[in-house]
Amino acid sequence: APAERMRIHTNGYLGIGTNSPSSLLHISGADTATLTLENTKDDTFGQDDDPSTIVFKGNGKENALAEIVGAHDTAVDNDKGVLIFKTGDGGTSEALRLASDLKATFKGTVVVEGEDLTLGTATGGDTRILVPAQTGVNGNGHSLSIEAGSANGDGTSGSLTLKTYDATETLKTALTI
């Protein structure tokens, strides 16, 4: 007798690999549960072409609240992919791009609340905060602003400390403001 592989429950929930789906789409597997989105359109390839997209919509809304897009990261037909997160304004504004060269590009302001922002790795190597120069723009150069202080109004102030390792690999304070 054939084995059941998929069930549509009386409440409309779809179960794949489970007899009792607990959400609209419930995928269950012994080793892994993988959802594959594949665009099979045979077309010329370009940056961000032939995307597979997960769209998040609000109740009765025509436009998307957000989208997660997987697409080609280059203009050639290869396995280099990009993952794009879109938010706001109908889900069409790109907020974050994770590219095949392992670079993350953020659009807008990056906010870290309640945790440290750590740049670099435990294995060493140089870490830089790079503010690239603009060419061909007069009077509109980039600047880097690092702010430290107290915003709780109690009169306390913060400090900014720059540290570096010396020749014996001891962390030393180089400058405190």
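Just so it is clear, the model here is predicted, and its values are computed rather than measured.
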List the atom pairs, with distances to 0.1 Å, where a side-chain N or O of residues 5-15 and a protein N or O form a donor-acceptor pair under 3.5 Å, not counting sequence neighbours.
{"unit_1": "Arg7", "atom_1": "NE", "unit_2": "Glu4", "atom_2": "OE2", "d": "3.1"}
{"unit_1": "Arg7", "atom_1": "NH1", "unit_2": "Asn19", "atom_2": "O", "d": "3.3"}
{"unit_1": "Arg7", "atom_1": "NH2", "unit_2": "Glu4", "atom_2": "OE1", "d": "3.3"}
{"unit_1": "Arg7", "atom_1": "NH2", "unit_2": "Glu4", "atom_2": "OE2", "d": "3.2"}
{"unit_1": "His9", "atom_1": "ND1", "unit_2": "Asn11", "atom_2": "N", "d": "3.3"}
{"unit_1": "His9", "atom_1": "ND1", "unit_2": "Asn11", "atom_2": "OD1", "d": "3.3"}
{"unit_1": "Asn11", "atom_1": "OD1", "unit_2": "Tyr13", "atom_2": "N", "d": "2.9"}

Would you say Ile68 and Leu83 make side-chain contact, with heavy atoms under 4.5 Å?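 Sidechains of Leu83 and Ile68: in contact.
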Ile54 and Val69, any side-chain heavy atoms less than 4.5 Å apart: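 Side-chain contact under 4.5 Å: no.
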Taking Asp73 for the side chain and Ser100 for the main chain, is one N or O donor matched with an acceptor at less than 3.5 Å?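 Such a contact is found between Asp73 side chain and Ser100 backbone.
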Would a hydrophobic clustering, with Ile, Leu, Val, Met, Phe, Trp and Tyr connected at side-chain separations under 4.5 Å, put Leu96 with Phe56? yes
Taking salt bridge (Lys or Arg N to Asp or Glu O under 4.0 Å) as the test, write out the residues that go with Lys107, two or more places apart.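 With neighbours one apart ignored, the set is Glu94.
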Distance check, rounded to the nearest 0.5 Å: Arg97 atom CZ versus Ile84 atom CD1? 4.0 Å
Just jot down the side-chain hydrogen bond (donor to acceptor under 3.5 Å, both in side chains) partners of Ser23, sequence neighbours excluded, or say none. none
Closest heavy-atom contact between Leu37 and Ser52?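 The pair with the smallest heavy-atom distance is O-OG, 3.4 Å.
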Over all atoms of both residues, closest heavy-atom pair of His26 and Ser22: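 Where His26 meets Ser22 most closely, the heavy atoms are ND1-N, 3.0 Å.
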